[in-house]
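Here is the structure we will look at.
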Amino acid sequence: MAPKQRPVSSKSRADGEAPPVTEPSVRDRVSPNRLTLTDRIRGILLTKNLTLYKVSGLTKAYDPREPAYHIPRNFYFQLRSAALSPTLPQLFALSRVSGYHLVDWLAVFGFRLDAIPGLQAALAHPRTTLLDSTVYDVRAPIPWFRDRFTAARPPAIAPLSQLLETSGEWLPVPSVSPNPRLYLYAKIGRQDAFAFPDLIPGSIVRVNPRLVERLSPNRPGEISKHFFLVEHSRGVSCCRLYFGTKNRVTLTATQLPFANVELQLGSEARILGVVDLEARPLAAQRRMAHPLCAPPEVATDLARLWTPGPLQPEVGTHRTASLLKNARLRAGLSLRRASEMSRAVAAALRHKRYFASPGWLSDFEASGVLPRHIHKLLTVCILYLIPFAEILSWFGFALRETDTASIPDEWMPRRGEHVREIRGTMVRAGARAAGFLGSLLQRFGEVPFFLRDSLPSLSGLEEISLRDVFWVGGQRKALHPSLAGALFVIVNRRKRKPRMFQRKSPWEQPAYLLMRRDGSYVLASCSLEDGTIIVHPYAEGFVRPERLRDGVDAQVVGQIVTVIRSLPSPP
């Protein structure tokens, strides 16, 4: 039975104050994940001995001439209206008064910043873009695993369900930090795929800045064997480089007719790193309003011999407006195209306020004024590929402050109770393992936690289990161009009827995972003819085709929809 409440004066109700008897007992009466928004805010403020009345007065005292930062006394009443939401200055004021992180206050009101890198990786941008690899919620539990395979060496090819098993969820520890910033990550665009078919549109690549000096040609006049990520005035490009004299490099395309533009390092170009890993989608899935793996195009402005501009262009008098426009142009988006993509963002985040019309985007770029709704700001970050902390700095805000703390877990939505359950085992789960898992962590050097929710969009599968992911790092010889250097593959077990397309190149042919009768595996393109599986090897040198009786000599496990592969190792 709920505790008896004392009468509340009309003045306290008008001021937005909650009854003094019920405020301390909110947490005892209601489960944290069932709290209303106003009850959650009351509980958070009470941890600092604050009430809404005090908060309202403090915000007015801090910024007496800035009404945008004021928290009104009827704030709770406003939040109960579906048409109203807090502004960014108001959340900044709450963060300053309470001493809690702005990231946490954003999460309380439903703005999960970790959705930004996930949707950046899912959307099909026209140009190659750097992804925001920041893990904003460093306390979010992450699914983790432990070794099941105890032998010295794992099998050449095996499902991860034979090698690993789930061990619950844990919070990241320093040994596997979510924000080490050791690597950069980029997504290859469909209009500037200089490295096609070695790197295809839609692929997410990892870039190692520490390999630049080691893998650059020693003598002028050579073309690099590895792929470099280069930043220039028109964005970023992933390609081989021709190293000329006097510190000049030329963008070199592999097959497509892109212009070979010479750039001066330092003033016109900057080498960001060397590509060492690729997550390649092999099946075109129409998600997020566009094909996940679209065929490459050659942008008109990149096919012509364009004149390089300075690496840091002038931003003009309206600094924020110029930065917004430059970010959109580097992403290769028109206002209309960006508006169309915002529909996919609104659908994914399930709120119509994330949609941005062409007129709104134009006005925002022209004025450079902070939008009223935080939804719109997140949409711009996703579409224009701007880190949220960076765009906040354009408007004078700081995302993380050293003098703020984290909101207690029990008051955070959909997180508190679960974290308390796993806290006792998270150190064991996060510790460095000595078996298969430990060798993987040592080999990769960094786990891209920001992509933890992106595997469904990369593979086209709604749910992915350990049975769908195969370790293939021990394959003897790649029988498909996309499988060279493959470490892992994701398999769609529903697609078991192999097909061949006569008008497509070997790079575009689908690949399948077959299991022979003896338990060994084959990864290759294949077709089914009169009950016989015919394996078509696309490999360097001669490899004899195989004929396997379907269901007798071998069976199709499924179609390979995603490949995670390492590029050629440094010599």
Side-chain angles (χ1 to χ4, degrees), residues 2-81 84-113 136-139 374 392 396-417 419-420:
K4 186 177 181 180
Q5 301 181 7
R6 293 189 300 176
V8 182
S9 65
S10 59
K11 179 181 178 181
S12 64
R13 286 173 180 166
D15 291 343
E17 285 293 302
V21 172
T22 58
E23 279 189 344
S25 59
V26 166
R27 179 178 169 187
D28 298 329
R29 291 187 292 106
V30 185
S31 173
N33 285 334
R34 296 182 181 179
L35 290 174
T36 64
L37 179 59
T38 54
D39 287 339
R40 194 182 304 278
I41 298 172
R42 287 192 190 104
I44 295 172
L45 295 180
L46 282 173
T47 61
K48 295 290 187 176
N49 295 322
L50 293 172
T51 63
L52 183 60
Y53 182 84
K54 293 180 181 178
V55 169
S56 179
L58 288 173
T59 56
K60 293 178 181 178
Y62 285 148
D63 298 291
R65 299 183 180 181
E66 295 289 345
Y69 292 83
H70 297 172
I71 302 297
R73 294 181 179 179
N74 65 342
F75 189 57
Y76 293 146
F77 175 78
Q78 291 183 359
L79 292 178
R80 293 189 184 100
S81 174
L84 293 176
S85 63
T87 63
L88 188 61
Q90 287 176 331
L91 294 190
F92 181 78
L94 282 174
S95 175
R96 180 169 55 179
V97 170
S98 64
Y100 288 133
H101 293 321
L102 179 61
V103 174
D104 289 350
W105 276 113
L106 286 164
V108 167
F109 288 92
F111 300 107
R112 293 288 186 182
L113 299 186
Y136 291 96
D137 189 355
V138 296
R139 297 183 299 166
I374 302 175
L392 283 188
F397 296 98
L399 186 61
R400 300 187 186 276
E401 297 180 346
T402 57
D403 56 346
T404 58
S406 298
I407 293 178
D409 291 323
E410 56 265 29
W411 296 110
M412 295 300 293
R414 300 184 302 275
R415 184 174 63 188
E417 292 179 335
V419 170
R420 288 198 299 273

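What's counted below: heavy atoms across the whole structure, side chains too, no hydrogens, waters or symmetry copies.
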Quiz item: Do you know the tightest heavy-atom contact between T404 and S95?
Solution: CG2-OG, 4.3 Å

Quiz item: Which heavy-atom pair separates V103 from Y136 by the least distance, and what is that distance?
Solution: CG1-O, 3.8 Å

Side-chain atoms of residues 57-64: list all donor-acceptor pairs with protein atoms under 3.5 Å, sequence neighbours left out, distances to 0.1 Å.
| unit_1 | atom_1 | unit_2 | atom_2 | d |
| --- | --- | --- | --- | --- |
| T59 | OG1 | V55 | O | 3.1 |
| T59 | OG1 | S56 | O | 2.9 |
| T59 | OG1 | I71 | N | 3.2 |
| D63 | OD2 | R96 | NH2 | 2.2 |

Quiz prompt | Under the side chain to side chain donor-acceptor pair (under 3.5 Å) test, residues paired with T47 that sit two or more places apart | solution = Y100

Quiz item: If you round to the nearest 0.5 Å, how far is CD1 of I41 from CG of L50?
Solution: 13.0 Å

Quiz item: Which heavy atom in A68 sits nearest to a heavy atom in P89, and how many Å separate them?
Solution: O-CB, 3.5 Å

Quiz prompt | Sequence-distant partners of Y69, ring pair (Phe, Tyr, Trp, His ring centres under 6.0 Å), two or more places apart | solution = none

Quiz item: Can you tell me how far OH of Y76 sits from CG of D39, rounded to the nearest 0.5 angstrom?
Solution: 9.0 Å

Quiz item: Does a side-chain heavy-atom distance below 4.5 Å link L37 with V108?
Solution: yes

Quiz prompt | Nearest non-hydrogen partners of H70 and Q90, listed with the distance | solution = O-NE2, 3.5 Å

Quiz item: What distance separates R80 CZ from F75 CZ, expressed to the nearest 0.5 Å?
Solution: 11.5 Å

Quiz item: If you round to the nearest 0.5 Å, how far is CG of L94 from CG of L106?
Solution: 10.5 Å

Self-check item: Residue pair P86 / L79: nearest heavy atoms and the distance that separates them
Solution: CD-CD2, 4.0 Å

Quiz item: Which value, rounded to the nearest 0.5 Å, describes the distance between I44 atom CD1 and W411 atom CH2?
Solution: 8.0 Å

Quiz item: Are L392 and L102 side-chain neighbours, meaning at least one heavy-atom pair lies under 4.5 Å?
Solution: yes

Exercise. Determine yes or no for a side-chain-to-main-chain donor-acceptor pair under 3.5 angstrom, with R73 supplying the side chain and Y53 the backbone.
Key: no

Quiz item: With sequence neighbours left out, what residues match F109 under ring pair (Phe, Tyr, Trp, His ring centres under 6.0 Å)?
Solution: none

Practice problem: List the atom of S98, the atom of K48, and the distance in Å for their closest heavy-atom pair. | Solution: O-CE, 3.1 Å

Quiz item: In Å, rounded to the nearest 0.5 Å, how long is the span from CZ of F111 to OG of S85?
Solution: 5.5 Å

Quiz item: Under a 4.5 Å cut-off applied to non-hydrogen side-chain atoms, are P72 and F77 in contact?
Solution: no

